[in-house]
Every structure is written in C-alpha cells, then in structure tokens.
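First comes the structure, then the notes that go with it.
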Amino acid sequence: MDKTVFITGATSGIGRATALLLAGMGCRIVACGRREERLQDLKQQLGDQVHTLVFDVRDRDSVQKAIASLPGPFSRVDVLVNNAGNAHGLDPVQVGSLDDWDAMIDINVKGLLYVTKALLPTLMQSKQGHIVNIGSTAAKEVYPAGNVYCASKHAVDALTTGLRIDLNGTGIRVGAIHPGMVETEFSLVRFKGDAPRASRVYQGFEPLKPEDIAGLVWFAISQPPHVNIADLVVMPTAQASSTIVHKT
Ligand code: NDP
Ligand code: 8X3
C-alpha cells in the first residue's frame, strides 16, 4: 500500500503493533512517542520505511515543530492514527487526583486535537486522507471509578463524529475503533507501575492483543475510497461490557 501513515503512541501496545503491521503492508510510517529509545528500536527494525518523531502530544508547540520537520514523502501524510493515550488512576471522583485528570484530558483529548489540527492541511491535500481515532469501550460506557478516563474517551467519540461532519465533502474519511480490554502497558500506566496489579487485569480470560487492533486499523484503511468504517467496537469474546468479563 502506497500511503504515509502517522501513528501517535507508536512506542508500545496498539501503536507499535500498528506500525509493524502497516510497514509490513508497504506503508511509510511516521512513528511518534516520547520514549526515543523505543522509537530507535522500531527504526532499526523497519529501516528507511519509518521516520520517528519524539514529542509530547500535550505540548502544542512541539507538536507543530515535529510535524513541520517531516522530510520528503513522510511530510505527505495520508493516514493519521490518533492512538496516543492512557488511563491514569482508577479512583472515585471524590478521591481522584487532579494531576491524573489533567493528564487524561490533556493527552487523550487535547493532544488528539493538536495533532489532528496540525495534520489537517496535508490530509486535505492527500487524495486518500483518513483519520482513525482509537477510542475505547470507555467511549460508549461509564464504569465505576472510570469517570474521567471514560469522559476523555466519550470526547474522542464526539470528536470523531464532529470531524466527520466538518470534513464532509473534503474526501477525508474519519472513523474510530473502540477496543475493550487489550493487554498492553495500559494497566501498568493506569496503576503507576504496579506490575502485579496490572497483570491481574488480564488474568483468567483471553484479552485482545495489540495485533488484533492493528489488524482492524489495516481493515479500515484498506477499504476502497468510497467506504468509511465510521465506528467499530471490538471486545474479547470473554467480555460482554466494561464490567462483565467471564474469568475462570
Ligand atoms: P500503551 O500504554 O501500551 O501505549 C500508550 C502509547 O501512548 C505509548 O506509545 C505512549 O508513548 C503514548 N503516549 C502516552 N502519553 C503520551 C504523551 N503525552 N505524548 C505522546 N505519546 C504519549 O497502551 P495502549 O496501546 O493500550 O493504548 C493505546 C490507545 O488505546 C490509548 O488511546 C488507549 O486509551 C486505547 N485503548 C486501550 C485499551 C486497552 O485495554 N489497552 C482499550 C481501549 C482503548 P510514550 O510513553 O513513549 O510517549
Ligand atoms: C481501556 C479499556 O476497560 O480499561 O480503554 O476502559 S478499559
């Protein structure tokens, strides 16, 4: 596939798996994240097919500068995968941390907006412009102590619809993929490095793998130009909702 795909959060989990899969399909990849050494590993693995950008999506000047620095064919972005994001904490509102709330709203919502706005001029020039937002089942449901994370993902859902409306007629496709439980570094970040607590989240059932979601990103972007995968919810078979997971 002859497309340049810009992936935020490509240093681990869903973003990394997507970078690897799409590179394998022949795409040029712009891989982004804050952990430079992880991006260097990806570069070593994929060679000239990947360009790496180190920036924090919260920092709007860094976002602009990083995107303005893209060389040659990497600057003509066809597909944006807005994937960077995390949950920070799992606490009822009455004891929640303001820093955690700021992190989730700044990264998951404002960061997505900064990157999208900065890339829209090139996406509009592309004949195959496409935005794929990684939402969550937390964009569709609210679960106990999920409050601000769920709100941030509900915002991603709303922004996906808003972008699709505003960009209607430009030819840019806009859609979202909303995963349930995927085993990545997500819970390690949510529980602030508490590895035993994080691994318990995925015990007793078969969670989704990052590669499963990467496959769905490929599914969305490999449709013919008149087909837009607007909204796709995917869960492990053992999961029925955010709070109902069959564990053995
Ligand atoms: P990971 O923690 O494995 O990956 C998160 C990615 O986001 C990392 O590459 C990280 O890179 C990047 N990121 C986080 N904060 C920033 C920041 N401030 N600036 C730039 N990049 C940032 O988790 P997942 O792969 O699971 O998460 C990817 C997306 O999928 C998120 O939006 C998450 O909400 C969503 N999701 C995850 C689910 C799950 O169960 N795992 C289910 C549903 C949705 P770095 O730290 O190097 O900056
Ligand atoms: C991540 C899945 O269930 O922790 O978005 O919200 S969940």
Side-chain angles (χ1 to χ4, degrees), residues 6-20 30-42 52-60 62-63 66 81-90 100 102-112 114-115 132-157 159-160 176-193 197-202 205 207-214 216-217 232-236 238-245:
F6 190 106
I7 305 171
T8 63
T11 56
S12 73
I14 295 168
R16 184 172 185 279
T18 303
L20 290 170
V30 181
C32 311
R34 291 166 301 176
R35 287 170 289 181
E36 191 169 6
E37 65 293 349
R38 299 269 191 111
L39 293 174
Q40 285 314 318
D41 288 348
L42 209 52
T52 61
L53 289 180
V54 180
F55 65 90
D56 186 326
V57 297
R58 285 174 289 198
D59 180 342
R60 59 164 105 160
S62 299
V63 171
V81 182
N82 272 317
N83 165 75
N86 277 117
H88 294 265
L90 181 67
D100 284 347
D102 281 347
M104 290 185 278
I105 291 168
D106 290 349
I107 299 167
N108 302 355
V109 184
K110 290 165 70 182
L112 178 146
Y114 296 158
V115 174
V132 180
N133 291 333
I134 304 299
S136 169
T137 43
K140 306 288 187 182
E141 299 176 50
V142 180
Y143 53 83
N147 44 66
V148 178
Y149 178 67
C150 296
S152 75
K153 289 298 182 175
H154 275 64
V156 172
D157 199 19
L159 289 169
T160 304
I177 297 171
H178 299 285
M181 297 167 83
V182 190
E183 188 164 11
T184 63
E185 295 176 14
F186 177 85
S187 290
L188 196 63
V189 174
R190 166 169 258 174
F191 299 130
K192 305 180 193 310
R197 188 176 178 195
S199 70
R200 277 199 298 278
V201 173
Y202 308 106
F205 75 108
L208 295 171
K209 298 185 232 356
E211 291 76 15
D212 298 322
I213 310 306
L216 294 174
V217 175
L232 204 160
V233 179
V234 53
M235 290 186 255
Q239 183 174 15
S241 72
S242 290
T243 51
I244 301 174
V245 183

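In listed order, ligands and their atoms are each counted from 1.
By the 3.5 Å distance cut-off applied to N or O atoms, Val57 is counted among the residues near ligand 1. By the 3.5 Å distance cut-off applied to N or O atoms, Val182 is counted among the residues near ligand 1. Polar contact check, Asn83 against ligand 1: a nitrogen or oxygen pair lies under 3.5 Å apart.
In this structure, the protein non-hydrogen atom closest to atom 18 (N) of ligand 1 is Asp56 OD1, 2.9 Å. The nearest protein atom to atom 26 (O) of ligand 1, hydrogens excluded, is given as Thr184 OG1, 2.6 Å; this is a heavy-atom distance. The closest protein non-hydrogen atom to atom 2 (O) of ligand 1 is Asn86 ND2, 3.0 Å. Shortest contact from atom 44 (C) of ligand 1 to any protein heavy atom: Gly135 O, 3.1 Å. Protein heavy atom closest to atom 9 (O) of ligand 1, with residue, atom name and distance, is Thr11 OG1, 2.7 Å. Among protein heavy atoms, the minimum distance from atom 42 (C) of ligand 1 is reached at Gly180 O, 2.9 Å. In this structure, the protein non-hydrogen atom closest to atom 43 (C) of ligand 1 is Pro179 O, 3.1 Å.
One option in Gly111, Gly13, Ala84 has a heavy atom closer to atom 13 (N) of ligand 1 than any other, and that option is Ala84. For atom 17 (C) of ligand 1, the nearest non-hydrogen atom from the set Arg16, Arg34, Met235, Arg35 comes from Arg34. Which of Gly85, Ala103, Gly9, Ser152 comes nearest to atom 5 (C) of ligand 1 through a heavy atom is settled by distance: it is Gly85. Among Phe186, Tyr149, Phe55, the residue whose heavy atom sits closest to atom 34 (O) of ligand 1 is Tyr149.
Contact annotation: for Lys153 versus ligand 1, heavy atoms closer than 4.0 Å belong to the side chain alone. Residue contacts with ligand 1, taken as heavy atom pairs separated by less than 4.0 Å, involve Ile14 via backbone and side-chain atoms alike. Looking at Ala10 against ligand 1, only its backbone comes within 4.0 Å, counting heavy atoms. Of all the heavy atoms of Glu183, none lies under 4.0 Å from any atom of ligand 1, so neither backbone nor side chain is involved.
For ligand 1, the atoms lying closer than 4.0 Å to a non-hydrogen atom of Met181 are 40 (O). Short contacts between ligand 1 and Ser12, defined as distances under 4.0 Å to a heavy atom of the residue, involve ligand atoms 1 (P), 2 (O), 3 (O), 4 (O), 8 (C), 9 (O). Taking every non-hydrogen atom of Arg58 and a distance limit under 4.0 Å, the qualifying atoms of ligand 1 come out as 18 (N).
Ion pair Asp100/Lys192 flagged as a salt bridge, since at least one NZ, NE, NH1 or NH2 atom sits closer than 4.0 Å to an Asp/Glu carboxylate oxygen. Salt-bridge annotation for Glu185 and Arg35: present, with a side-chain N of the basic residue lying under 4.0 Å from a carboxylate O of the acidic one.
For Ala87, the heavy-atom gap to ligand 1 stays at 4.0 angstrom or more.
With sequence neighbours excluded, the residues forming a ring-ring contact (aromatic ring centres under 6.0 Å, His included) with Tyr149 are Phe186, listed by chain and number.
The closest side-chain heavy-atom distance from Phe55 to Val63 is below 4.5 Å. Looking only at side-chain heavy atoms (C-beta outward), Val201 and Met181 come within less than 4.5 Å of each other.
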May I have every N or O pair linking ligand 2 to the protein at under 3.5 Å, one per line with atom names and distance?
| unit_1 | atom_1 | unit_2 | atom_2 | d |
| --- | --- | --- | --- | --- |
| ligand 2 | 4 (O) | Tyr143 | OH | 3.4 |
| ligand 2 | 4 (O) | Arg190 | NH1 | 3.4 |
| ligand 2 | 5 (O) | Ser136 | OG | 2.5 |
| ligand 2 | 5 (O) | Tyr149 | OH | 2.6 |
| ligand 2 | 6 (O) | Tyr143 | OH | 2.7 |

Just do the side-chain contact (heavy atoms from CB on, under 4.5 Å) check on Arg34 and Thr11 with the steps written out, would you? CA-CA 8 Å; Arg34 291 166 301 176; Thr11 56; over 6 Å; no

How far apart are the C-alpha atoms of Val109 and Ser152, what are their side-chain angles, what is the distance that settles it, and do they pass the side-chain contact (heavy atoms from CB on, under 4.5 Å) test? CA-CA 6 Å; Val109 184; Ser152 75; 3.7 Å; yes

Evaluate the side-chain contact (heavy atoms from CB on, under 4.5 Å) criterion for residues Leu208 and Ile213: first the C-alpha distance (whole Å), next the side-chain angles of each, then the deciding distance (0.1 Å), finally the verdict. CA-CA 8 Å; Leu208 295 171; Ile213 310 306; 4.1 Å; yes

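Under a cut-off of 6.0 angstrom, the local environment of CD in Glu36 is sparse, with at most 12 non-hydrogen atoms contributed by other residues, nucleotides or ligands.
When all heavy atoms of His88 and Ala103 are compared, the pair lying nearest together is CD2-CB, 3.9 Å. Listed here is the closest heavy atom pair of Glu141 and Cys150: O-SG, 3.7 Å.
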